[in-house]
Structure formats: structure tokens, C-alpha cells
Amino acid sequence: MEIVALEKLDPAQVADCARILREAFAASGGYGGPSEAEREIASFLPPGERFALAAVEGRRVLGLVGGIDTYSHAMELHPLVVDPPQQGRGIGAALVKALEAQAAARGKLAVYLGTDDEIGGTSLFGADIFPNALAKLAAIAPTTGHPFFFYQKLGYEPIGVIPDANGFGKPDLLMGRRIAKT
């Protein structure tokens, strides 16, 4: 497996990135609209404030991670997606590590992300998080599985929560990690 910049991919591989994005988020309804996934992928071309890296094996795209240059010293990780049949092989972890290296090379000190719970993967799904939202975030537990716990294994920690971001009981869980020494 090799990790390459999105702009190095040929048009068929870029189209495959959009397919993977659509299929990986199908359960939550993300990127389901006409050309929505294609527009998201195109937003990373050409690179600038946004860039993306793809994991490829031969000519086949396995996954993609995007970085958005949002603050002078912090970068948002968005999106991270691995082709569903390829999940569990360490591809996502490798993509996150590559993004962190790019962020550090750009002078960033931290990477952050938001991971929505719209499908019931955590104990916060369906819950009234107000009042004491941060206390409830600190007690989060898995139910059916959620990317929150994948990111936690990679060293990301909860840094905030936006209750009801996607409707009642559907929070956006904010996570972050320092990637460089101050």
C-alpha cells in the first residue's frame, strides 16, 4: 500500500474516491445526494487550504483522508474514509498518520475532527446531553461501534460535543490531538 496526494490520481481513481465516500457513509445518509460525493472530492483539487491523501494498492484506491487548513496552528481532519471491504486492515490508521505528518510539515501543532453519531454507535445517541454535556461526554461508551473509539485508539481525545447537531440525540463529537512539540 502506498499513500499519495489526491492530485496524483487519474480521473478514474478520483471517481473511485467519490464512490468510496458515498458507500462508506451510506448508513448515515451522508453524501447520498446527486454528485454530492464528487463535489466533496473535487473540493480538495487543486490542493491549497484543503488537501487529500489516498491509500492505493496497485491502481486500486483503498481509502482517503482530507485535511482542511482552518487555524494558524491546527488542522481539521475531514473526511476519513476506507472502502468498506478494506476496513480493519490498518488503512485508516495509516492515512491518519500520513495526514498528521503533512499537518506537522505545514507548521501545525494539533489536528482536530468531528465525528457525528447519527446511527447509534455511542451511549450519547438518543440522549438528552443537556445539562452537563461535558460530563456526559467524559462517560461516553460504545454501543454498536463508532469511529470515536477508532480515533481514541490513535491518541485522539474528546475535546467537546455539540449536542443535537444533527437532530435531537444526534451529537457531533469533537476530538483532537497534539501532533507537534510546542
Side-chain angles (χ1 to χ4, degrees), residues 1-8 17 20-21 24-25 28 30-31 39-55 62-82 87-119 121-125 129-130 132-142 145-166 170-182:
M1 178 182 72
E2 180 183 9
I3 297 179
V4 300
L6 181 66
E7 63 270 16
K8 303 252 184 210
C17 289
I20 292 167
L21 187 61
F25 284 96
S28 67
Y31 302 104
R39 282 192 304 273
E40 179 71 11
I41 297 301
S43 75
F44 292 95
L45 294 169
E49 288 185 1
R50 291 174 159 245
F51 71 93
L53 304 170
L62 306 174
L64 171 89
V65 66
I68 304 172
D69 198 357
T70 50
Y71 293 99
S72 64
H73 291 83
M75 177 172 285
E76 180 180 5
L77 183 158
H78 172 81
L80 172 64
V81 62
V82 174
Q87 292 175 0
R89 294 183 43 202
I91 297 163
L95 284 165
V96 170
K97 184 176 179 181
L99 176 112
E100 291 172 349
Q102 281 277 343
R106 292 174 179 227
K108 305 302 180 185
L109 299 175
V111 172
Y112 70 95
L113 60 98
T115 181
D116 298 316
D117 189 359
E118 297 180 86
I119 58 170
T122 75
S123 57
L124 298 182
F125 178 81
I129 300 175
F130 289 118
N132 301 316
L134 293 180
K136 290 174 183 157
L137 177 61
I140 194 171
H146 190 273
F148 178 93
F149 304 101
F150 163 78
Y151 289 115
Q152 216 171 29
K153 289 178 186 173
L154 297 181
Y156 286 77
E157 61 183 76
I159 57 173
V161 59
I162 303 172
D164 305 329
N166 303 290
K170 297 178 181 180
D172 190 0
L173 310 167
L174 306 177
M175 304 182 80
R177 175 182 173 174
R178 180 171 290 137
I179 57 159
K181 302 286 184 207
T182 57

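The basis for the numbers below is simple: all heavy atoms, side chains too, and nothing from hydrogens, waters or symmetry mates.
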Over all atoms of both residues, closest heavy-atom pair of [X] and [Y]:
X	Y	answer
Ala104	Ile179	N-CD1, 3.5 Å
Pro171	Ile129	CB-CD1, 3.7 Å
Lys108	Ser72	NZ-O, 3.3 Å
Asp117	Gly121	OD1-N, 3.0 Å
Ile3	Ala94	CD1-O, 3.5 Å
His73	Gly107	CD2-O, 3.7 Å

Ignoring hydrogens and angles, tell me if any N or O in the side chain of [X] forms a donor-acceptor pair with the backbone of [Y] under 3.5 Å.
X	Y	answer
Asp172	Thr115	yes
Lys97	Leu154	no
Glu7	Leu45	no
Asn166	Glu118	no

#### Entry: Mutual orientation of the aromatic rings belonging to Tyr31 and Phe25 [parallel < 30°, tilted 30-60°, perpendicular > 60°]
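Answer is perpendicular, since the angle exceeds 60°.
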### Task
Please state whether the rings of Phe148 and His146 are parallel, tilted or perpendicular, taking 30° and 60° as the class boundaries.
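Rings of Phe148 and His146: tilted, 30 to 60°.
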### Task
May I ask you to check whether over 12 heavy atoms, not counting those of Arg106, lie within 6.0 Å of atom CZ?
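Yes, because the 6.0 Å sphere around CZ of Arg106 holds more than 12 heavy atoms from other groups.
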### Query
Counting heavy atoms not belonging to Phe149, are there more than 12 under 6.0 Å from its CZ?
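Count over threshold, so yes.
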Spacing of [X] atom [atom1] and [Y] atom [atom2] [to the nearest 0.5 Å]:
X	Y	atom1	atom2	value
Lys181	Leu109	NZ	CG	11.5 Å
Leu53	Phe44	CG	CZ	10.0 Å
Glu49	Met75	CD	CE	10.0 Å
Leu124	Leu137	CG	CG	6.5 Å
Leu6	Ile41	CG	CD1	6.5 Å
Leu173	Ile159	CG	CD1	11.0 Å

### Task
For residues Leu95 and Leu99, determine if any side-chain heavy atom of one lies less than 4.5 Å from a side-chain heavy atom of the other.
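Sidechains of Leu99 and Leu95: no contact.
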### Query
Are the side chains of Tyr156 and Pro147 in touch, meaning some heavy atoms are under 4.5 Å apart?
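No. Closest side-chain heavy atoms not under 4.5 Å.
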### Message
Tyr112 vs Met175, test: side chain to side chain contact (heavy atoms under 4.5 Å, CB included). Steps then yes/no.
### Response
CA-CA 6 Å; Tyr112 70 95; Met175 304 182 80; over 6 Å; no
### Task
Apply side chain to side chain contact (heavy atoms under 4.5 Å, CB included) to Gln87 and Val82, showing your working.
CA-CA 6 Å; Gln87 292 175 0; Val82 174; 3.8 Å; yes
### Task
Decide side chain to side chain contact (heavy atoms under 4.5 Å, CB included) for Val96 and Glu100; before the verdict, give the C-alpha distance in whole Å, the side-chain angles of both, and the deciding distance to 0.1 Å.
CA-CA 6 Å; Val96 170; Glu100 291 172 349; 3.6 Å; yes
### Message
Determine whether Ile20 and Leu64 satisfy the following criterion, side chain to side chain contact (heavy atoms under 4.5 Å, CB included), listing intermediate values before the conclusion.
### Response
CA-CA 9 Å; Ile20 292 167; Leu64 171 89; over 6 Å; no
### Query
Are the charged groups of Arg50 and Glu40 less than 4.0 angstrom apart, N to O?
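A salt bridge is present here (some side-chain N lies under 4.0 Å from a carboxylate O).
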